[in-house]
Amino acid sequence: DAKTTQPPSMDCAEGRAANLPCNHSTISGNEYVYWYRQIHSQGPQYIIHGLKNNETNEMASLIITEDRKSSTLILPHATLRDTAVYYCIVRPNSGNTPLVFGKGTRLSVIA
Amino acid sequence: EAQVTQNPRYLITVTGKKLTVTCSQNMNHEYMSWYRQDPGLGLRQIYYSMNVEVTDKGDVPEGYKVSRKEKRNFPLILESPSPNQTSLYFCASSLRGLGEKLFFGSGTQLSVL
């Protein structure tokens with residue numbers, strides 16, 4: 001079972017920031033938060049991951065609350081090509097515990 | 001270009017006819033894995049391989065075989081396909097394991113009649 005809770009869908013206006021929330025209240029101390037996205041039946045694409053500090057890369061920013069029970073993925077300037085299903089996953093950063101993709105959030109970027 | 005290549009993209013077959021879905025990566029990754037994706041069930045891991053000649057079962061291995069004779073290739077074999085194996089299949093790889101960024105192929109849509 002997925003250990004995360006995400007809203008099933010969200011809309012965002014093109015050019016605005018998209019803030020995608022994720023609840024992971026049972027996260028363990030050694031578990032990281034990963035974000036992937038899947039654009040219409042293509043293979044999932046890695047976005048970002050973090051443990052407790054906020055992270056930023058060329059695609060997005062990841063904000064993790066101090067108690068680590070929730071996080072937010074931020075796409076700073078959403079484009080139509082960012083329309084996809086976004087998956088928040090928690091797992092240890094080693095070993096082969098499979099990535100458990102839940103239902104994710106379907107983000108629709110609207111012109 | 002760094003990529004994971006799956007073939008074929010689409011495949012329609014009949015029950016019992018053996019088939020192989022190929023997967024190849026050009027990134028010298030040690031770890032490779034197969035997933036299937038079904039509506040309402042998300043992505044589920046079928047098999048994975050930590051390195052050449054090392055494979056292990058994932059969550060849903062029944063009805064599938066894999067082999068890892070070379071680092072770059074990780075074919076998925078269905079010896080006797082059945083309709084419940086109709087699904088969208090993805091191959092993925094990473095440098096060493098799941099803790100690192102996983103690269104996915106474009107997928108293979110399989111229909112077993």
Side-chain angles (χ1 to χ4, degrees), chain A residues 1-9 22 24 27-53 55-60 62 73 81 84-106, chain B residues 2-7 9-10 21 23-25 27 29-51 54-61 68 87-111:
Chain A
D1 290 330
K3 297 173 65 174
T4 61
T5 303
Q6 299 177 252
S9 64
C22 179
H24 32 79
I27 192 169
S28 301
N30 68 338
E31 289 182 317
Y32 284 65
V33 180
Y34 290 79
W35 284 84
Y36 281 77
R37 73 180 182 184
Q38 187 173 23
I39 298 171
H40 187 56
S41 296
Q42 295 180 21
Q45 177 189 25
Y46 167 87
I47 301 173
I48 199 166
H49 77 283
L51 181 63
K52 53 184 177 182
N53 296 322
E55 302 286 346
T56 295
N57 63 19
E58 66 279 3
M59 288 183 71
L62 174 59
L73 179 75
R81 286 176 293 182
V85 178
Y86 288 77
Y87 298 98
C88 170
I89 302 161
V90 299
R91 71 170 299 282
N93 196 29
S94 62
N96 189 51
T97 307
L99 287 176
V100 178
F101 288 79
K103 292 185 165 52
T105 296
R106 182 171 298 277
Chain B
Q3 60 186 358
V4 178
T5 303
Q6 289 178 235
N7 280 298
R9 180 72 178 92
Y10 300 96
V21 184
C23 174
S24 177
Q25 49 89 8
M27 297 169 279
H29 283 172
E30 292 182 357
Y31 179 91
M32 297 186 75
S33 179
W34 277 102
Y35 286 83
R36 61 177 287 174
Q37 185 172 31
D38 303 289
L41 296 176
L43 280 104
R44 295 177 291 168
Q45 191 182 50
I46 303 171
Y47 268 95
Y48 66 95
S49 169
M50 299 298 288
N51 214 325
V54 180
T55 63
D56 211 342
K57 296 177 181 178
D59 291 332
V60 288
R68 189 91 182 274
S87 186
L88 179 58
Y89 291 86
F90 291 104
C91 180
S93 74
S94 70
L95 190 58
R96 286 189 190 82
L98 274 172
E100 303 190 10
K101 182 162 94 169
L102 262 185
F103 292 80
F104 282 82
S106 299
T108 296
Q109 179 64 59
L110 172 66
S111 296

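Heavy-atom basis, side chains included; hydrogens, waters and symmetry copies ignored.
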Within 6.0 Å of CZ in A/Arg106, more than 12 heavy atoms from elsewhere: no

Between CD1 on residue A/Ile48 and NZ on residue B/Lys101, distance to nearest 0.5 Å: 11.0 Å

Check the pair B/Leu102 / A/Tyr36 against side-chain contact (heavy atoms from CB on, under 4.5 Å), numbers first and verdict last. CA-CA 9 Å; B/Leu102 262 185; A/Tyr36 281 77; 3.2 Å; yes

Output the distance between atom CG (B/Leu41) and atom NZ (A/Lys103), rounded to the nearest 0.5 Å. 7.5 Å

Please check if atom CZ in B/Arg9 has more than 12 non-hydrogen atoms from other residues, nucleotides or ligands closer than 6.0 Å. yes

Side chain, backbone, both or neither of B/Leu88 within contact of chain A (heavy atoms, under 4.5 Å): side chain

Option from B/Tyr35, B/Phe103, B/Phe104 for which side chain to side chain contact (heavy atoms under 4.5 Å, CB included) with A/Pro44 holds: B/Phe104

Which atoms of B/Gln37 are under 4.5 Å from chain A, going by heavy atoms: the side chain, the backbone, both sets, or neither? side chain

Non-hydrogen atoms of chain A under 4.5 Å away: do they reach the side chain of B/Asp59, the backbone, both or neither? side chain

